[in-house]
Amino acid sequence: MSRPPCFVANWKMNMGLKASESHLSDLIKHCADVVLAPSKIIIAPPFTALQTVSNILNTAACEIDLAAQNVHFSPKGAYTGEISTEMLCEIGCKYVIIGHSERRILFSENDEEIHKKLVAVRKAGLFPILCIGETQQDRQAGKTWQRLQGQLNSVFSEEFIASGLCDTVSDWMIAYEPVWAIGTGETPEPADVAEVHQQIQALIADTVGKGVPRILYGGSVSEENIVDFMKTPDIDGVLVGGASLSPKTFFEIIAQGASAK
Ligand code: PGA
């Protein structure tokens, strides 16, 4: 499958309006100055910066898609502090990160809620960047695949598949992010990641049967390890947190990663 590799920047709760503007103008300048190997770039700023970032991306010299970091599953109503899919579409988002481990762990999001978000996102014509990952405890107990399988099966219910909302699955992203690797500087071996990615691909091919999404790796991706990850088959891209906060570093990750594919 020859899809350009994908590089997602998750800014998390960082970057106000001014910081977003200057970061993006730097990143766009780097991207416009250099002939990059084919690549897909996605930026997920905090909610308050979405409009500013969207305006800049609309006139940017290089193609970068906009993602939100979260969404509520209801179309509207009395949900103080929440944002709907319609609001995200209005602002120009194409993707939404769903099920990030920080949302699962720190904000107690469960598989049922994640499933509802996925349905809402697809009904709105947005595409999910669905995060799954095992904890250190799962890993030590030898239950990595059991955890990932559970997270995937709860999402790909028979009803959801029958609804036709998964027919676009090849345009989705699944980010395999071991919880123990996020923000820790510790990473799994690329070959182990590739094995997990193959299992994810096989499960989706078996259950959904409409093609496979890009499977990204996330967790302490850096300028130092990007080439090793990206030269490994079955790693279709990366989801980058901390290292995406510097435009120069994120650009290096894209440039080196894309040419390693
Ligand atoms: P990190 O975060 O790159 O800072 O480890 C990745 C993520 O949380 O998606």
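Counting starts at 1 for both ligands and their atoms, in listed order. Quick caveat: nothing in here was measured; it's all calculated off a predicted structure. Computed from heavy atoms alone, side chains included, the values below leave out hydrogens, waters and symmetry copies.
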Quick one: side chains of residues 203-213, donor-acceptor pairs under 3.5 Å with protein atoms, not counting sequence neighbours, listed by atom name and distance.
{"from": "Thr207", "atom 1": "OG1", "to": "Leu203", "atom 2": "O", "distance (Å)": "2.8"}

Of all pairs that satisfy salt bridge (Lys or Arg N to Asp or Glu O under 4.0 Å), the ones with a partner from residues 186-196, not counting sequence neighbours: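 Applying salt bridge (Lys or Arg N to Asp or Glu O under 4.0 Å) to every pair that reaches into residues 186-196, excluding sequence neighbours, yields Arg139-Glu186.
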
For ligand 1, output the ligand-protein N/O contacts shorter than 3.5 angstrom; if there are none, return none.
{"from": "ligand 1", "atom 1": "2 (O)", "to": "Lys12", "atom 2": "NZ", "distance (Å)": "3.3"}
{"from": "ligand 1", "atom 1": "3 (O)", "to": "Gly241", "atom 2": "N", "distance (Å)": "2.9"}
{"from": "ligand 1", "atom 1": "4 (O)", "to": "Gly242", "atom 2": "N", "distance (Å)": "2.8"}
{"from": "ligand 1", "atom 1": "5 (O)", "to": "Gly183", "atom 2": "N", "distance (Å)": "2.7"}
{"from": "ligand 1", "atom 1": "5 (O)", "to": "Ser220", "atom 2": "N", "distance (Å)": "2.7"}
{"from": "ligand 1", "atom 1": "8 (O)", "to": "Lys12", "atom 2": "NZ", "distance (Å)": "2.6"}
{"from": "ligand 1", "atom 1": "8 (O)", "to": "His100", "atom 2": "NE2", "distance (Å)": "2.7"}
{"from": "ligand 1", "atom 1": "9 (O)", "to": "His100", "atom 2": "NE2", "distance (Å)": "3.2"}
{"from": "ligand 1", "atom 1": "9 (O)", "to": "Glu177", "atom 2": "OE1", "distance (Å)": "3.3"}
{"from": "ligand 1", "atom 1": "9 (O)", "to": "Glu177", "atom 2": "OE2", "distance (Å)": "2.7"}

Side-chain contact test, heavy atoms from C-beta onward, threshold under 4.5 Å: evaluate it for Gln199 versus Leu148 and give yes or no.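 Side-chain contact under 4.5 Å: no.
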
Is it true that the side chains of Thr135 and Arg147 contain a donor and an acceptor less than 3.5 Å apart?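 Checked: Thr135/Arg147 side chains show no N/O donor-acceptor pair below 3.5 Å.
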
For the aromatic rings, using the six-membered ring if either is Trp, is the centroid distance between Trp145 and Tyr176 under 6.0 Å?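 So the answer is no for these two rings.
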
Under the side chain to side chain donor-acceptor pair (under 3.5 Å) rule, what pairs show up with a residue in residues 84-96, not counting sequence neighbours?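 Counting only pairs at least two positions apart or across chains, the side chain to side chain donor-acceptor pair (under 3.5 Å) contacts touching residues 84-96 are Lys40-Tyr95.
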
